[in-house]
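Quick notes on the structure that follows.
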Protein chains: 2
Amino acid sequence: MPTLAFKLNDHLYLRDPQHTQLGQKIIHSSMLLIDQLGFEQFTFKKLAEEIDSTEASIYRYFENKHRLLVYLIAWYWNWMEYRIEIFTSAVADPKEKLKTCLRILAEEKKYDPTFEFVNEEALHRIVIAELDKTYLTKGVDDLNKEGLFGGFKSVCGKIASLIHVINPNYPFAESLVSTVLITANQQLFFASHLPSLTSLEANESRFNRLYSFLENIVFCSINAENNYA
Amino acid sequence: MPTLAFKLNDHLYLRDPQHTQLGQKIIHSSMLLIDQLGFEQFTFKKLAEEIDSTEASIYRYFENKHRLLVYLIAWYWNWMEYRIEIFTSAVADPKEKLKTCLRILAEEKKYDPTFEFVNEEALHRIVIAELDKTYLTKGVDDLNKEGLFGGFKSVCGKIASLIHVINPNYPFAESLVSTVLITANQQLFFASHLPSLTSLEANESRFNRLYSFLENIVFCSINAENNYA
DNA sequence: ACAAATATAATAGTATTACTATCATTAATC
DNA sequence: GATTAATGATAGTAATACTATTATATTTGT
């Protein structure tokens, strides 16, 4: 059975992990391990033990653990873009398209059988807890030049262009979208760990509440009459 | 001459650095060094060399470098709260108060002579680049129990309560405020490093544009008729 | 089916990091 | 002037983030 694989920027890895068994084990197990331990406590040595391989072998796939994280999170944004594509292609009205995007971003992430070796629930927790660490580093500019944030930028750009269609006079489309993409994850983190910083609760309702919050922010801002240019 | 000092949560340090010469040198130089090197490359050893002291001496003030970062950023939020206090106390109208808060958050940070050994420009760059690392760690819950995020939570709570006064029916005050506090710094980071993710430009105008963006988001959201409960 | 190429495993080694411990010395305080 | 406390000097350790080397599988082309 043919497993779907994303074509990711090939600067993200040294050897493409999607195409070998060891590579797939690296992706699969690193997700679980980073989720469990957190990125700081995660090491290639621990991962090697987990998959009965060696540090040296893992280094043939990824230059270092930071790049592995960037890879995993790039995979996530590719997955988001793929889902947005699927669920908005049939929708004509740009406002409805935009709502669908927000729903996809806010919804609970569940196992997607399209991608065998990826545990989307663990990956989402990684995105929530580690996303910012991909770019909050002195090396951002180099990573960016290599195009490693392409997935995130692409999602951001597509949603921003919907906003441009809905209201060409709204002057903060890109900022609004990047804010929403990031806050969607951040608010879930706060709900779990710093509840006084969020209006969401740590129960099942939080995904619907999150959607309402995002919809409120986005539509109120772009529909407003008084656009501060 | 009496230097003003904040009363910070005493779990933030082992020995209060504000009250000794070495402590002040630690604060002063760690700010410059973290700003220069980034948090990952920053070490107590490098700091010790910088201030002609030793690693061991620094460890007597801070348990580890992460807690030092939490300290510096707690200082920042205390400073913000202090400025908000000063500049809003004379303002009666809650909407105007709220605008003043947003202005303080968005404005360019400049040296404040009230605090001798603090370089506010460097500190602001640290907040922009490292803020999220204070809570995105497996130890959040412990740090939170010790009250180490009190400054941030306090600023968030005060602004949220202004929103509650302005529109008691708006159901996302806390989320809106935490989003704004964080995005205020994030958008400046994007302007410098990932320009396609922001509508701000990397020039002098960015602080005014940032203010407009924040004002737009906040006031559009809370003034809207259709409140999604 | 066999040689050549390639991927992986096994092992070792290094510089740096994030500490901890000990003891001598200097400075502040009573 | 004696006691206490803060700092400096020095040493040491376990773990981390790699790099290098060689042997052994595994895959691939002919």
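Residue numbering restarts at 1 for every chain, and letters A, B, ... go by the order of the sequence lines. Values in this document were obtained by computation on a predicted structure and should not be read as measured data.
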(request) May I ask you to say what Y59(B) touches in the nucleic acid, namely base, sugar-phosphate or nothing, with a heavy-atom cut-off under 4.0 Å? (result) base
(request) Tell me what Y61(B) touches on the nucleic acid: a base, only sugar-phosphate, or nothing, going by heavy atoms under 4.0 Å. (result) sugar-phosphate
(request) For F44(A) and dA9(C), give me the distance from atom CZ to atom P, rounded to whole Å. (result) 15 Å
(message) Quick check with a 6.0 Å cut-off and a 45 degree axis cone: is K133(A) positioned over the face of F39(A)'s six-membered ring?
(response) no
(message) Rounding to an integer number of Å, can you tell me how far K25(B) NZ sits from dG8(D) P?
(response) 7 Å
(message) Using a heavy-atom cut-off of 4.0 Å across all strands, would you classify S57(B) as base, sugar-phosphate, or nothing?
(response) base
(request) Measure the distance from CG on L22(B) to P on dA5(D) and round it to the nearest whole Å. (result) 18 Å
(message) Does K45(A) reach a base, just sugar-phosphate, or nothing at all? Heavy atoms under 4.0 Å.
(response) nothing
(request) From the options dT11(C), dA17(D), dT17(C), select the nucleotide whose nearest atom is closest to the side chain of K46(B). (result) dT17(C)
(message) Between A56(B) and K65(B), which residue's closest nucleotide on DNA chain C lies nearer the 5′ terminus?
(response) K65(B)
(message) Please report the distance, rounded to the nearest Å, between CD in Q41(A) and C1' in dT17(C).
(response) 13 Å
(message) Would the distance check show the side chain of S29(B) and the main-chain N or O of I26(B) forming a donor-acceptor pair, the cut-off being under 3.5 Å?
(response) no
(request) Please state whether the phosphate of dT6(C), meaning OP1 or OP2, lies under 4.0 angstrom from any side-chain nitrogen or oxygen of R15(A). (result) no
(message) dA10(C), OP1 or OP2 - any side-chain N/O from T54(A) closer than 4.0 Å?
(response) no
(request) Answer yes or no: is there a donor N or O on one side and an acceptor on the other, between the side chain of T100(A) and the main chain of F87(A), under 3.5 Å? (result) no
(message) On DNA chain D, compare the nucleotides closest to D52(B) and R60(A); which residue's is nearer the 5' end?
(response) D52(B)
(request) Run the salt-bridge test on K110(B) and E120(B) with the 4.0 Å N-O cut-off and return the result as yes or no. (result) no
(request) Look at the side chain of N9(A) and the backbone N and O of E146(A), then say whether any donor-acceptor pair between them is shorter than 3.5 Å. (result) yes
(message) Expressed as a whole number of angstroms, how long is the span from Y13(A):OH to dA7(C):P?
(response) 14 Å
(message) Measure CG/L14(A) against C1'/dT19(D) and give the value in whole Å, please.
(response) 13 Å
(request) Rounded off to whole Å, could you give me the CD-to-C1' distance for the E49(A) and dA15(D) pair? (result) 12 Å
(message) In this structure, how many angstroms lie between the C1' atom of dA21(C) and the CD atom of E55(B), rounded?
(response) 13 Å
